[in-house]
Protein chains: 2
Amino acid sequence: MIEFLREKGLKVTSQRLAIFNFILSRKDHPTAEQIYQKIRGEYPTISLGTVYKNLHLLKEIGLIQELGFDEGSVRYDPDMDLHVNMVCTNCGKITDYKTDKVEKLWNALISDIGIKPKGHRIDLYYECDDCK
Amino acid sequence: MIEFLREKGLKVTSQRLAIFNFILSRKDHPTAEQIYQKIRGEYPTISLGTVYKNLHLLKEIGLIQELGFDEGSVRYDPDMDLHVNMVCTNCGKITDYKTDKVEKLWNALISDIGIKPKGHRIDLYYECDDCK
DNA sequence: ATAAGTGCAAAACATTTGCAGGCTT
DNA sequence: AAGCCTGCAAATGTTTTGCACTTAT
């Protein structure tokens with residue numbers, strides 16, 4: 001990661017590393033505020049602005065995507081591959097569903113539409129086991 | 001529509017009718033602000049708050065859905081059926097793609113996952129013909 | 001030394017809320 | 001007449017921006 005940042009001409013700061021490592025390993029699509037609260041444990045003086053700036057940087061580099069939801073909440077997802085976001089309509093928990101089958105079906109879809117997509121998003125809303 | 005509102009126990013106001021008719025006939029997924037600007041042509045004193053309240057009402061009734069996008073923009077979509085939102089990454093224009101094939105593929109997907117979804121969203125990001 | 005990054009605070013937006021007055025029923 | 005709805009304005013919440021200071025290179 002340190003190497004990667006240097007190659008990109010980006011400075012390696014401890015805050016940046018903490019933010020990058022945190023979000024890139026997360027599977028639960030946290031919000032900026034949640035990321036901020038978490039990083040603050042380690043770096044109490046970090047600001048929300050810094051978190052946002054680094055998240056935008058990660059998005060530009062193409063390592064994460066932003067997922068906007070109803071009610072204005074934006075969540076950050078480090079999985080850039082094709083997958084289904086399984087969103088619980090009750091507790092809001094998001095888990096990814098990612099199989100070869102999903103990919104096959106998606107390929108069938110875009111060959112049907114006949115265009116070359118730059119990106120994709122598939123959400124499925126349901127009630128998760130914990131909430132049922 | 002007037003009948004429909006009365007059945008639901010909702011009052012029929014000219015502003016409400018204008019908002020409902022406008023968004024329900026729109027295919028381009030406008031934002032609240034865009035809807036407000038349009039309705040304002042006919043009702044110059046209408047407020048953004050009223051627009052929001054009525055949009056939320058429509059959502060509760062189940063006639064429209066909210067689609068959150070990056071950067072906090074929320075768009076309103078009156079098509080509750082399964083379809084693909086084709087989003088131009090350059091100009092932001094959204095068009096729907098809706099065929100039997102989409103439905104078949106989706107059914108194959110949910111039978112693969114093995115759950116009963118309450119809702120869905122499929123976005124495909126690309127560069128539209130106008131922008132190419 | 002220089003340029004980029006951080007932290008802070010203010011600003012900019014989008015959306016929500018509360019309430020007085022007006023309109024539908 | 002009663003209650004819902006509107007319009008306004010203030011409040012809220014999130015994200016962005018500007019700038020002085022700090023840190024990595």
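Bear in mind the structure is a predicted one, so any value in this text is a computation, not a measurement.
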Provide a list of protein-nucleic acid N or O atom pairs under 3.5 angstrom, restricted to nucleotides 21-25 of chain C.
from: C/dT24; atom 1: O2; to: B/K11; atom 2: NZ; distance (Å): 3.1
from: C/dT25; atom 1: OP1; to: B/R6; atom 2: NE; distance (Å): 2.9
from: C/dT25; atom 1: OP1; to: B/R6; atom 2: NH2; distance (Å): 3.3
from: C/dT25; atom 1: OP1; to: B/V12; atom 2: N; distance (Å): 3.4
from: C/dT25; atom 1: OP2; to: B/R6; atom 2: NH2; distance (Å): 3.1

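- Residues A/H120 and B/Y125 approach most closely at N-CD1, 3.5 Å, considering heavy atoms.
- Residue B/D79 comes nearest to B/H83 through the heavy atom pair O-CE1, 3.1 Å, listed as atom of the first residue, atom of the second, then distance.
- For A/S73 (side chain) and A/F69 (main-chain N/O), no donor-acceptor pair under 3.5 Å exists by modelled atom type.
- With A/F4 as the aromatic partner, A/R16 does not meet the cation-pi criteria of under 6.0 angstrom to the ring centre and within 45 degrees of the ring axis.
- Scanning all heavy atoms of the two residues, the minimum distance from A/Y76 to A/A32 falls at CE1-N, 3.9 Å.
- At whole-Å resolution of the value, CD1 in A/I35 and P in D/dT14 are 13 Å apart.
- Rounding to whole angstrom units, CG of residue A/N54 and C1' of D/dT23 are separated by 14 Å.
- Dashed line: the shortest gap from a side-chain N or O of A/Q15 to OP1 or OP2 of C/dG7 is under 4.0 Å.
- Atom C1' of nucleotide D/dT14 and atom CD of A/E66 are separated by 12 Å, given to the nearest angstrom.
- In this entry the distance linking OH of A/Y36 with C1' of C/dT6 reads 12 Å, nearest Å.
- Note that CG of A/L58 is 4.5 Å distant from CD1 of A/I64, once rounded to the nearest 0.5 Å.
- The side chain to side chain donor-acceptor pair (under 3.5 Å) with B/D77 is formed by just one residue from the set B/K27, B/R26, B/H29; it is B/H29.
- Rounded to an integer number of Å, the gap from A/E60 CD to C/dG5 P is 11 Å.
- Atoms CZ (A/F20) and P (C/dG5) sit 9 Å apart, rounded to a whole Å.
- Rounded to a whole Å, the CZ atom of A/R16 is 14 Å from the C1' atom of C/dG7.
- Looking at B/D112, its side chain never comes within 3.5 Å of a backbone N or O of B/A108 through a donor-acceptor pair.
- Of all heavy-atom pairs spanning B/L82 and B/K98, the tightest one is O-CG, 3.6 Å.
- In this structure, the CG atom of B/L48 is 14 Å from the P atom of C/dT17, given to the nearest Å.
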What nitrogen or oxygen pairs link the protein and nucleotides 8-14 of chain C at under 3.5 Å?
from: C/dC8; atom 1: OP2; to: A/T45; atom 2: O; distance (Å): 3.2

